[in-house]
Every structure is written in C-alpha cells, then in structure tokens.
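So the structure is just underneath, and the comments pick up after that.
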Amino acid sequence: MTVPDKPALEGLEAKWGERWEADGTYRFDRTRPRDAIYAIDTPPPTASGALHVGHVFSYTHTDCVARYMRMRGREVFYPMGWDDNGLPTERRVQNYYGVRCDPTLPYDPAFEPPDKPPKRPQLVSRRNFIELCETLTEIDEQAYEALWRSLGLSVDWTQTYTTIGAAARTASQRAFLRNLARGEAYQQEAPVLWDIDFQTAVAQAELEERELAGAYHRVAFHRADGEPLHVETTRPELIPSCVAIVAHPEDERYQPLFGTTVTSPLFEVELPVVAHELADPEKGSGAAMICTFGDTTDVTWWRELDLPTRALVQRNGRLQADAPDWIATEAGRAAYAELAGKTAKQAKARIAELLAESGDLDGDPRPITHPVKHYEKGDRPLEIVTSRQWYIRNGGRDADLRDDLLRRGKELQWVPDYMQVRYEHWVNGLAGDWLISRQRYYGVPIPLWYPVDAAGEVHHDSPIVPDEAALPVDPAAEPAPGYDESQRGRPGGFVGDPDIMDTWATSSLTPQIAAGWEVDEDLFGRLFPYDLRPQGQDIIRTWLFGTVVRAHLEHDSLPWSHAAISGWVLDPDRKKMSKSKGHATTPMGMVEKFGADAIRYWAASGRPGADTSDDENQMKVGRRLAIKLLNASRFVLNASQDEPPDAVAEPVDRALLAQLEAVVTGATAAFEELDYARALNLAEQAFWAWTDDYLELVKGRAYGDGTGAASAHAALRQSLGVFLRLFAPFLPYVTEEVWSWWRDGSVHRVDWPSSSELSAAGDDVALLETVGAVLYEARRAKSDAQVSMRTPLAELLVTAPAGDVDRLRAAEGDLLAATGASELAITAGDELVVRAVVAAD
RNA sequence: GGGCGCUUAGCUCAGGGGAAGAGCGCUUCCUUGACGCGGAAGAGGUCACAGGUUCAAAUCCUGUAGCGCCCACCA
C-alpha cells in the first residue's frame, strides 16, 4: 500500500484514462444475458462544430447512472455515436472549405480543398463534397472523443457508430424499405414547407416560429356591384396567387356574398367568396384571401374547399418570370410584369406602390410583428411549394396509430415524469405525416429507382426496390437492379431517386444501429428494447418521438423502458446556451482548470430535468470535495490498519456505521429512480459530517492501541470504503486513485455498497447527532474566545435528557479527547444544554 | 392564444403539512500532527403576490405576476 505524502488531483485524468483503456474497465461483455445488461441509447452529438458545456452537463448525468448500474452488477452497454449526417455537416463543410456542391459536375479524384475558403465558393461534385464531409467530421469526432475521455465518460470506445456510416445507411434504408413494404412509407405530390436557401423540403418537427416585422395592407377586392370587399393581408405580393376569399360561415357581414364572386385588384382575376370556420371574424376585416400558398391555413382551405392551385413563388423564392394563364386581362398581365422575377420581399414593396396608385390600398400599411415559420437552421421565412415527397406514417393523419403512439408514451417511464406531457402535446398536435425526403446531398439516399417508359415518362408510382442484401445503395451512383448504368435517364430505362432522407429518419434508429439490428441478431436480442434513452427536452418531438415511431412500426415495442430528459445549461442572462453564440469557457478549458471530477460534480448537482446555470462556484466546490476526499483518505489509511469487520465494538463507531447504512439505503433508492443528484447530495452531506465530526472524535483513539483503537480502525476503513464507492459514479478519478492506494482492481467494477456489509452497525443513529451537538458547542466556545481549536476546554458541562445521558457516557472518552476537556460533567434535564468554557488566562 | 416548468439568504440551489436549509460570497477568528487547493464560528430570509383548505401552509387548492421552454392558424 502506498499513500502519497501530498496527494493531488493533477494528472489523474491522464493516468486513469490510460489505465482504464488498457484494462478494458468499461468494455461491454456481450455474453451476459439480457436481464444482466443495462443498455443505454446514447445521444450521438452532432459532429459539426464543438461540444459545449450543455453537452458536458447531460452526458455526465448519463455516465453517473451508467457507473451506478455497473456497480450494481449490470453489464452496461454504453456506446457512443456521432451524428455526422445531414445539413449541419453540409453547412459546416461549405463554410470551412468554401465550397458548394454541384451534382452535375463529374467526380475529380485529385481534388484538394483550397487552403483557405475563397471569396466565391468553389463548385465541387457530389462525391467530392461527400468526401469533404467525411474528412471534416472525422476531425471533429476525434476532438469529441478526447473531451469525453478526459471527462471520464465510461463509454465502451469499441462500440461507436456514425449516422452516415455504412451500418447506419444500411439500417436506415432497410427500415425505410420495410416501412414501404408495409405501406407505412408513401409518396405524395403535395404542398410542403420549403426553405428557399437550402432548397429543400422541411418537416413539421424542424419548424420554429420567429417574430418578424410585417405590415397589414388593407386591400380592396371588387364586388360585382362596384363596392369594395376589404381584406387585410401581410402578403400582398400573393394577390396574383389568390384563389378565393374566405369568411366565417356565421359572419353576417359576409353571408350575403357567399356564392358570389369578386375580382382581385390589379390582376382582375375572378374569385369566389367561400365560407370556412377557420376564418376568424376578429382578425382584420374578417375576410381573408386564400392563396396557394401563403401559409399552412391556406393549405387546409385549399384541400378542404377543393380550390385550384395557382402557385407563383418558385423554389428559389422568386415569383415566376412569365405571367400565368389565369391572369387574362392586359392590365392584369402588365401589373404582373412589374412583379415577375422579384423576391417575395421586393414584390411586396412594389405591389404596395401599385395598389396605392390604383386606389386599392386603403390607408397606409399598418406595421405589426407576427410569428413567421422558419426552418430551425435557416435564415429566411419558409415558402410553401408543391412537390413530390416521401412520408412515413406517424399518426398525424391516422387516429388509430396516433392512439397507439400515445399509449407508448404512457408506457414509457419518464424522468422527470412531467416530461410525458410534452410528448402527448406533440403527438396530439401533429398536422400530418412525417416528411422524410430532403433535396440535399449529404445523407442516406432514398433507396429507390423509378422506371422510365418508352415515351420518356418517369413512373414514380412503381418504384424499383433493391434487395436488402444489397444495402446500402446509392441510386444516384448505382443502376437499378436489372438495369445497366447506360440506361439511366433513357426511355425504357430508369432514374434514381435524387433525394436523401432527413437526418432524423436515420437517427430515429440509433437503438437498432448500435445493437446490430438484422446484422448481429444475438447482440440485438440482448439489448433491445434498451433500458435508457437520455436526451434533451428540445428533441422530444424529433428524436424521441421518431424513435418511438420506428420501434413501434418495426418491432411493435417501445425502443427503451426509460427516458431521462435533461435540462438546459443557462447563460448568466438565463438564456438557453447554444454553441452558435460562442462561449469563452470551452469544456476542455474547464476540465483543465478545475479537473474532471469537479466539472462532473457541478453537472451531477443539477437535478434531472432541471435547468442549471454555468456556475464556476459549483465547480470549485466539487474540486474542494475531491481534494478533501484525497486528504481524508490519506489520514484514514495512515492512521489505521486492516481489522476484521466485527472489530467495530465502540458505540460511537457502531453509530457511525448505522448512519452510513441509512445513507446507502437513501442513495440507492435515489439512483434507482435515476435521481443521481439526490444520491450525490446524500453522500456529500454524510461525508462532510464524517470528516468534521467523526474523524475528529476518533482521531485520539485511533492513534492509540487496544480494542478501542481496533474498533476505530475497522470503522474508519469500512466507512472510507463505503464513501469511495458512493462517490465513484460522480468522482471517478479521485475515487479510483484512492482505491488504488489500498485495494486491487478498479473501484468502478466493485459492488455498490449495501447495508448487509455493515454488519457491526448499531441501531442508535441519534448518538452521533447528540455527540455532534456537544462538539459544535465546544468549537463555538473556542471560536468566540478566538483561540485555536486545539486549546483544551477548561470545563465541559452538559445538561441532557435521559436518553442522551447514556449516549454521552458511551462517547465520553472520544469527547474528552476531541475537546481537550479533562472531565465531562452531565446532569439530567429536559433538553440538551451544553456549557463549554475555555480557560481564562 | 394554449400547455409545462420555475420563482426559497447577495449568488447558485436543496427541501415539500409540524420551530426556514446547504454551498459560495461576506464578517470575525484559528498559523496548520489528514487537509492553507485548509479549519472554526457569525451575520443574513414576509419561502414572488393575493385569496382559500387546515389545529398548523414555504409545502395542498384557486387565481395573479415575472422568467424559461414547448405548442398554435404567417389573413
């Protein structure tokens, strides 16, 4: 046994990191049966930038649970994935290298990215672009792994996956094909939300509302009798796309007009006045124009009222160049020419001028701010365009499936439990099925081709499906089964589906990907369904819900039994922290400054689901705790020797073990509910009482010999062993360091403490409390007298109720040694009163 | 507009019917026989506000306000 003279935290991360790796301390043993395994569906962080303090926070929570479960004898499956699939990666590659993908270019095998991003993006082929994505994500992933390792995540680093790797592409395409075969995936030509910058469709789950400045334009449409029908709109540029005017069926102002027509200003298009209960009499004039498409309500009206489609906004966000057929009059076509080719914003400004000139604008536009739908990663408002897209059923259009999924939400154990409500609200609010196709390049391709008939027409309704054994496939690079590449795009040949799948369509399969679904059925059988999905509350609607949908459809089960939802790390200004804002403190810098155990202490102090602030004070406290653990351990090990457990005989020592037993029971119960924070708090409180009171109390006895010393030694070492293991999930480095002074093997692979091992525990938990109260008064007397704590008390007089008298007599020797008093005088009384007097000099 | 969560000491947060708690910070001490990357003690609070239930409310109920997040139909 070697106890260092001056133990320190510095260097522990490197020392034990290497040792754990060499020993395979956290390696998953796949031979264990299902019920001996604890499987975690680790969130794969987005590999497109840097980890921030919020990641450190939530991943530490999971690691504490993983370490606890491992000490409870569960074999923990704790993989790490990297979400390197999708738009964030594309965008980062575009900015980092200064390139843009042009899928029409041929592959250039000799391509090297420019040293620094050129002013004007360089165009590269799709394959070159994907190679750059792979290069950059690999660099990012290495930096992530280095941070996770130094933070002490007990991940099995042989179990890693990426969401763009071959295994993920195979699983993603396989699941899609199964969905297709069962009728759960389907394609539809329909209006979709469209990002004009990214040039892709966007799913409901990826929307975010932003408050934008706009203006109500009060515009006159013309009734047959010459009277105006006023409509207030924030989007006058869509008047040429107008297909009807709508008002509430019970709105008396408009009832006489239902069934009649009006003509639009400037464009002179004849439009029916229709009724629908979604029209709000309180908004604007009570009458609204229906355009194809200005917003999602327009889509509803268009569908339910069976209106024509008059789309003018193109996928690049500009109005189409040529005047459409439905604008028939010369004046109308001339007016349209003023708008043609303009962006929505430019057209809005111009049409306001035109309406003012024609007298159809009533008053000045009235400025307002209103919520406008954006793609969460995009900059400009979404437009709605019609296109052919793939969908997966998620209950958005099917009440039975929705009920099934709501039932799954109830079946899942949520931590904290109120998070389940968010799931239910999302599922109940679904407006449609899950749009999974994306018009992008870096992602898992939709594994389909379509036949081209002799006339050159593409038959989308009879897709050509690959064999599962051939997965993963890239229809853009490989010919359809049974065809030759030369037939691509030719009459009688085929075309590949040009789209990729939404990144959530793949990451909704992380349990299947990590467990080797359909590839390693033995492993899959031991892991699925998993025990735990830890994740952020912001992605309940995307990742959590998507994973539940896929598991329900494919396996008719939940993907995991528990979902632990973590809170946010807040900025000092109490805003949600995000990496885009950039923060002075990087996680690695924090680890270097305070030590990994200190950072983990801060993180583990945040209760499940609760937001926490980025508080350096808590990290300092954690550091102090870790240092105290080193020093207290050093004292215990130097001042004692191994004694059999039954050497604990002194009432004070037996009381300590009794107290500890209660702590172990409490911490275990807390961890079973995944409440790591409560477990830490219990251990910490007991630990400080142990060092402040118990160690001081038995110090004198421990330095002596005889049965009193043996009892103290046994109790000190037993309690140290318990504390080290109680702290091991939180402070893996310092506990392992101390363990190594004393014991063989890793503290992270020994059994979690149990009450059965504390066989000598007494039943008088109150003894130490009473004795502690006396100690406290003795300290206060010395503090008041401004003397050293080592100054002996001249007098120690206690009045105590009957029960406490026995306790004090039992601890008398220790009390005298700790306070320096020569005599403990006890008188009987109703309550405990302590008189401690320091010698007058 | 709807939902969920939060509001407790200067700060960060526990507690959750039965005498207001911790850490940090602050004040005053202790020069250290495990620990100065220490230790001891002290001051500091109408538990957001208003009603209600109760012998008793920080705690349960109702409402209000502020903050955060999520959702919603951009006329």
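Order of the sequence lines sets the chain letters (A, B, ...), proteins ahead of strands, with each chain counted from 1.
The separation between A:Leu278 atom CG and B:A72 atom P is 14 Å, rounded to whole Å. Rounded to whole angstrom, the span from the CD atom of A:Glu376 across to the C1' atom of B:C69 amounts to 14 Å. Following rounding to the nearest Å, A:Leu544 (CG) and B:C69 (P) show an atom-to-atom distance of 20 Å. Nucleotide B:C74 holds its P atom 11 Å from the CD1 atom of A:Ile384, rounded to whole Å.
Comparing the C1' positions of B:C60 and B:U53 gives an interatomic distance of 8 Å, to the nearest angstrom. When the C1' atom is used for both B:G21 and B:C35, the distance is 26 Å, rounded to whole Å.
Residue-level contact check: A:Gly284 touches neither bases nor backbone, having no heavy atom under 4.0 Å from any strand.
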Quick tally for nucleotides 1-7 of chain B: nucleotides whose base has a protein heavy atom under 4.0 Å get B, sugar-phosphate-only ones S, the rest -, giving --SSS--
Using a cut-off of 4.0 Å between protein heavy atoms and nucleotide atoms, how would you tag nucleotides 19-31 of chain B 5' to 3' with B, S and -?
-> ----SS---SSS-
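Under a 3.5 Å cut-off, the side chain of A:His374 and the backbone N or O of A:Glu376 do not form any donor-acceptor pair.
Among residues two or more places apart in sequence or in another chain, the side-chain contact (heavy atoms from CB on, under 4.5 Å) test is passed with A:His230 by A:Arg218, A:Ala220, A:Pro228, A:Asp362. Checked against side-chain contact (heavy atoms from CB on, under 4.5 Å), A:Thr791 has the following partners two or more places apart in sequence or in another chain: A:Val787, A:Ser788, A:Val838. Every residue meeting the side-chain contact (heavy atoms from CB on, under 4.5 Å) condition with A:Ala201, not counting sequence neighbours, appears here in chain and number order: A:Val192, A:Trp194, A:Gln389, A:Leu435, A:Gln439. Contacts of A:Gln413 classified as side-chain contact (heavy atoms from CB on, under 4.5 Å), with partners at least two apart in sequence or in another chain: A:His562.
The side chain of A:Thr296 places no N or O atom within less than 4.0 Å of a non-bridging phosphate oxygen (OP1 or OP2) of B:C74. In this model, the phosphate group of B:A40 is not approached by any side-chain N or O of A:Arg780 to a distance below 4.0 Å at OP1 or OP2. Listed pair A:Lys699 / B:A34 meets the phosphate criterion, a side-chain N or O lying under 4.0 Å from OP1 or OP2.
Relative to the side chain of A:Ala632, the nucleotides B:A40, B:C37, B:A34 differ in distance, and B:A34 lies closest. The side chain of A:Ser613 approaches B:C13 more closely than any other nucleotide in the set B:C13, B:C69, B:A34.
Ring geometry for A:Phe727 against A:Phe723 counts as parallel: the plane angle stays under 30°, on a 0 to 90° scale with 60° as the upper cut.
Taking CG of A:Asp251 as the reference point, atom CD of A:Glu282 lies at 9.0 Å (rounded to 0.5 Å).
A cation-pi arrangement is present between A:Lys699 and A:Phe635 under the rule of less than 6.0 angstrom and at most 45 degrees off the ring axis.
Under 3.5 Å, the side chain of A:Lys373 and the base of B:C74 form no donor-acceptor pair of N or O atoms.
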